[in-house]
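Here is the structure we will look at.
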2 protein chains.
Amino acid sequence: MAGIRDRVRAEYVAEITEVARRHLAERGAAGLSVRAVTRELGMAASAVYRYFPNRDALLTALIVAAYEGAGEAAREAESAVDRHDHVGRWIAVFRAVRAWALAHPHEYALIYGSPVPGYAAPRDTTEPATRVVLLLTRIAHDARRGPGLAPTDRPPVPAELRADLVARIERIAADMDPERAAMLTGAPPETALAVIDGWTALFGTVGFELFGHYDNIIDAREAHLEQVARTTARTVGLPGA
Amino acid sequence: MAGIRDRVRAEYVAEITEVARRHLAERGAAGLSVRAVTRELGMAASAVYRYFPNRDALLTALIVAAYEGAGEAAREAESAVDRHDHVGRWIAVFRAVRAWALAHPHEYALIYGSPVPGYAAPRDTTEPATRVVLLLTRIAHDARRGPGLAPTDRPPVPAELRADLVARIERIAADMDPERAAMLTGAPPETALAVIDGWTALFGTVGFELFGHYDNIIDAREAHLEQVARTTARTVGLPGA
DNA sequence: TCTAAAGCGAGAGCACTGTTCTCGCACAGA
DNA sequence: TCTGTGCGAGAACAGTGCTCTCGCTTTAGA
């Protein structure tokens with residue numbers, strides 16, 4: 001039975017996380033101080049250790065929240081587009097991720113910049129981290145099942161990479177419900193690779209913009225990101241791209 | 001006149017930077033402590049402030065060193081390839097950057113992960129940061145001047161992005177010596193865009209590998225990066241890709 | 001060559017950090 | 001109603017970046 005104490009506890013965890021999230025948004029991960037968070041909440045610094053074992057655990061909670069925020073922004077934007085307009089859905093995901101990143105730069109940096117706590121991502125973060133790439137995979141899957149994917153002009157995939165992709169896809173699909181698994185196993189590895197590379201191009205481009213690597217090189221940031229979206233959509237073979 | 005004092009001073013700066021670089025490589029940017037550095041050098045913590053105004057300035061020196069290390073690794077690998085093998089040179093750059101990143105993960109994270117000091121990159125870092133993209137640009141330029149670039153299957157570049165690219169290229173070329181400027185102004189903006197996107201794909205892919213985003217998704221990392229190199233080389237239009 | 005100025009290293013000190021420990025208090029469950 | 005557990009507060013520790021002052025050394029100029 002979830003007693004009163006558990007309820008209060010969950011509320012406290014949420015409260016601490018929310019204040020920490022705001023501090024992160026304002027000052028960045030390096031400037032996130034558990035003492036400052038507790039100060040704002042009017043509690044002793046040591047009290048937070050009843051809820052989070054250490055600062056890294058607090059950061060991990062923020063990492064999960066950030067992945068969910070980005071994934072949710074992408075999902076929402078994509079779902080607003082006509083489901084038969086596959087290119088439109090693909091571009092919507094790109095736009096939404098960029099918009100989310102610009103609105104939450106520190107949270108973006110936390111999840112797609114240098115991993116700050118340690119090197120091994122905690123287990124809890126792996127599932128929300130895959131949301132966007134799964135969304136892109138679903139779009140490719142829908143296009144393949146519908147009008148079909150257009151032939152693409154890509155270098156042949158070497159055997160080693162091909163075998164690796166097939167093996168990985170099967171292992172991931174094995175842990176999924178059948179409906180989602182079919183989304184993965186149905187497509188040829190070339191398509192999976194194109195989706196992965198499109199996903200990488202999305203975050204690579206947004207990251208380069210956000211971290212200043214395009215300063216003095218590209219000014220039309222939005223137009224550029226959309227061009228990257230169109231180019232990767234064509235590489236995947238989305239019809240009409 | 002460069003007095004003895006200036007010489008000693010330069011040596012001290014180099015010594016501090018070197019120890020700091022080693023600490024960075026071992027413990028990462030977050031674990032870089034100026035006190036620890038001075039301790040190892042047997043000097044008082046306050047003494048370092050005679051050479052660097054603050055910790056961020058020390059980090060900036062390390063950022064410059066890291067950019068130079070990555071750029072030098074790329075340049076060296078590229079120069080070892082037959083200059084007429086444009087695809088080979090392109091792939092060599094990709095391989096070299098990845099190898100450097102794997103060998104220097106914390107330094108890679110410092111320059112291509114989240115910007116840790118502030119948001120505006122110090123002036124000194126902008127020049128070394130462009131080395132790799134300039135190298136890729138030169139390869140495309142050499143191919144265009146030699147056998148010519150193959151036609152590529154890309155979505156048309158919208159007018160806004162096109163105009164921005166042309167304007168940016170001219171502004172950058174205006175600050176260069178004529179020989180290097182020709183490398184930029186000669187090519188159509190489509191080629192420049194393909195090079196920029198290839199550069200982005202390179203660091204996006206390497207970053208995703210290094211920061212764990214490919215965990216459980218791609219295992220054949222080297223083969224994948226080379227596939228990305230081939231794909232981007234084809235998008236640029238390098239003959240034979 | 002002598003002197004004033006500038007550069008320098010050491011040390012103390014400040015305000016801050018994450019984290020641990022101990023102490024009472026309050027409350028949930030038997 | 002009693003008791004053990006969970007909890008918050010506060011002190012304490014080791015560490016951080018950084019500033020300031022104090023003498024000493026080296027430099028530059030008259």
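Below, all heavy atoms of this structure are taken into account, side chains as well, without hydrogens, waters or symmetry copies.
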Once you apply a heavy-atom cut-off of 4.0 Å, does A:Ser33 come out as touching a base, just sugar-phosphate, or nothing? sugar-phosphate
Side chain of A:Ser46, base of D:dG10: donor and acceptor closer than 3.5 Å? yes
If you count the non-hydrogen atoms of other residues, nucleotides and ligands that lie under 6.0 Å from CZ in B:Arg22, is the total more than 12? yes
A:Leu58 near the nucleic acid: base, sugar-phosphate alone, or nothing, with a heavy-atom cut-off under 4.0 Å? nothing
Of the options B:Arg221, B:Arg98, B:Arg95, which is the one that meets B:Glu226 in a side-chain contact (heavy atoms from CB on, under 4.5 Å)? B:Arg95
Can you tell me how far P of C:dT19 sits from CG of A:Asn54, to the nearest Å? 5 Å
Need one value for B:Leu41: base, sugar-phosphate or nothing, where a base atom within 4.0 Å counts as base even if backbone is also close, heavy atoms only. nothing
Atom-pair distance (CZ on B:Arg39; C1' on C:dG9), nearest Å: 17 Å
Rounded to whole Å, CZ of A:Arg7 lies from P of C:dA28 at a distance of 13 Å
Round to the nearest Å and state the distance from B:Asp56 atom CG to D:dC18 atom P. 7 Å
Strictly under 3.5 Å: I want the nitrogen or oxygen pairs between protein and nucleotides 3-7 of chain D, one per line.
residue : atom : partner : partner atom : Å
D:dC7   : OP1  : A:Arg9  : NH1          : 3.4
D:dC7   : OP2  : A:Arg9  : NH1          : 3.0

Kindly assign one of parallel, tilted or perpendicular to the pair A:Phe203 and A:Tyr108, based on the angle between their ring planes and the thresholds 30° and 60°. parallel
Could you list the residues that satisfy salt bridge (charged side-chain N to carboxylate O under 4.0 Å, His left out) with A:Glu72, not counting sequence neighbours? A:Arg75
Determine yes or no for a side-chain-to-main-chain donor-acceptor pair under 3.5 angstrom, with A:His141 supplying the side chain and A:Thr137 the backbone. no
Rounded to whole Å, please give me the gap between CZ in B:Arg35 and P in C:dC16. 16 Å
Centroid separation A:Tyr214 to A:His224 less than 6.0 Å: yes
